[in-house]
Amino acid sequence: MKRKGLTTGGVMNVSEIQDFVPAVKDLASERPIPSAWRPVLKQIVSDLAQHDYQLSKGIAEVAPVSAETADQIRNYVASYGATLTELPDETWISSVCMWNGKRWDALIDLWTLGEGRSDLLLAVQVTESEHGFAYAVYMVYVP
């Protein structure tokens, strides 16, 4: 995925992030993050910003984060050298997902206190579930 935040015909603008965005199974192109996922993704990042890398408080429909993945996230954030912060609505302009035939792979731009939108990405795998969607935190990294 390129993570340009593209929609059909061009770059998303701020007014587009306020519109309803469905989860689309499109093998051909990346899509904006669906509206239904955004509150869960914001909660994941909120917990990460509070150094809860295993999401120990629990978030409905989010798989527990393994100790190994939590260590990877902790180490990557520490080596990046900035403090994660809550996601502003502007993150949906550039964050993207793509259907791979079995699940969506989502890349969420992370924000830090010192720089705003950072080079850090949160990678999350999203599948359909009987309750809507299920989420698995994959990693945090700089591409």
Side-chain angles (χ1 to χ4, degrees), residues 1-80 82-112 115-143:
M1 292 189 297
K2 297 176 188 170
R3 75 177 270 274
K4 289 182 182 176
L6 297 180
T7 60
T8 305
V11 177
M12 288 174 44
N13 62 42
V14 176
S15 66
E16 286 180 295
I17 66 171
Q18 297 170 356
D19 294 335
F20 173 75
V21 177
V24 177
K25 295 177 181 176
D26 180 356
L27 286 168
S29 62
E30 46 188 48
R31 311 278 303 182
I33 299 298
S35 303
W37 304 358
R38 294 175 185 184
V40 173
L41 294 170
K42 285 184 97 160
Q43 185 59 56
I44 290 169
V45 173
S46 177
D47 287 3
L48 295 177
Q50 295 173 32
H51 308 285
D52 182 5
Y53 301 111
Q54 281 194 280
L55 307 179
S56 61
K57 295 180 224 167
I59 303 169
E61 298 300 315
V62 177
V65 175
S66 71
E68 181 180 349
T69 299
D71 284 343
Q72 181 273 331
I73 294 169
R74 180 182 302 106
N75 293 335
Y76 220 102
V77 171
S79 68
Y80 188 77
T83 303
L84 290 180
T85 190
E86 307 284 327
L87 291 179
D89 286 339
E90 290 82 3
T91 201
W92 310 126
I93 295 171
S94 55
S95 299
V96 297
C97 67
M98 185 157 188
W99 176 251
N100 73 11
K102 295 181 182 179
R103 67 170 188 266
W104 289 271
D105 293 315
L107 298 176
I108 312 307
D109 286 315
L110 295 177
W111 293 61
T112 65
E115 62 189 336
R117 189 175 105 182
S118 72
D119 291 331
L120 288 167
L121 293 176
L122 168 66
V124 178
Q125 298 170 337
V126 182
T127 56
E128 292 178 302
S129 75
E130 61 186 63
H131 302 291
F133 298 99
Y135 307 82
V137 172
Y138 183 65
M139 74 172 124
V140 169
Y141 69 107
V142 174

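- Judged by distance alone, the side chain of Arg117 and the main-chain N or O of Thr91 form no donor-acceptor pair under 3.5 Å.
- Summarising the geometry, atom OH belonging to Tyr76 is positioned 7.5 Å from atom CG belonging to Leu120; distances are rounded to the nearest 0.5 Å.
- Across all non-hydrogen atoms, the minimal contact from Asp26 to Ala28 is OD1-N, 2.8 Å.
- You'll find the side chain of Lys57 reaches within 4.5 Å of the side chain of Asp47, heavy atoms only.
- Scored by the salt bridge (Lys or Arg N to Asp or Glu O under 4.0 Å) test, Lys102 finds no partners at all (sequence neighbours excluded).
- Closest non-hydrogen pair, Arg38 versus Val21, comes out as NH2-CG2, 3.5 Å.
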- What do the steps show when you test Ile44 against Ile59 for side chain to side chain contact (heavy atoms under 4.5 Å, CB included), and what is the final call? CA-CA 8 Å; Ile44 290 169; Ile59 303 169; 3.8 Å; yes
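- Taken from CD in Glu68 to CD1 in Ile73, the straight-line distance is 11.0 Å, to the nearest 0.5 Å.
- Nearest heavy-atom pair, Leu122 versus Val124, reported as atom, atom and distance to 0.1 Å: CG-CG2, 3.6 Å.
- Of all heavy-atom pairs spanning Ile108 and Leu87, the tightest one is CG2-CD1, 3.8 Å.
- Side chain of Thr69 to main chain of Val65: no donor-acceptor pair is present (N/O by atom type, distance under 3.5 Å, no hydrogens or angles).
- The closest donor-acceptor contact from the side chain of Ser46 to the backbone of Glu86 lies at 3.5 Å or more, if one exists at all.
- Considering only heavy atoms from C-beta on, Tyr53 stays 4.5 Å or farther from Asp71 through its side chain.
- A donor-acceptor pair is defined here as one N or O able to donate and one able to accept, closer than 3.5 Å; such a pair exists between the side chain of Trp104 and the backbone of Val24.
- Within the 4.5 Å cutoff, the side chain of Leu107 has no heavy atoms near those of the Tyr138 side chain.
- In this structure, the side chains of Leu121 and Leu110 stay at 4.5 Å or more apart for every pair of heavy atoms.
- Atom OG of Ser56 and atom NE2 of His51 lie 13.0 Å apart (nearest 0.5 Å).
- In this structure, the side chain of Gln54 does not engage the main chain of Pro64 through any donor-acceptor pair within 3.5 Å.
- Here the side chains of Val140 and Val77 are in contact, with some heavy-atom distance below 4.5 Å.
- By the ring pair (Phe, Tyr, Trp, His ring centres under 6.0 Å) test, Trp111 is found to be paired with no residue, residues two or more places apart in sequence or in another chain being considered.
- Of all non-hydrogen atoms in Met98 and Leu27, the two that sit nearest each other are CE-O, 3.0 Å.
- Between Phe133 and the choices Val126, Val62, Val40, the side-chain contact (heavy atoms from CB on, under 4.5 Å) rule is met once, by Val126.
- For the residue pair Lys42 and Trp92, the shortest heavy atom distance occurs at CG-CZ2, 3.8 Å.
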Begin from the C-alpha positions of Asp105 and Gln125 and carry the test side chain to side chain contact (heavy atoms under 4.5 Å, CB included) through to its verdict. CA-CA 5 Å; Asp105 293 315; Gln125 298 170 337; 3.6 Å; yes
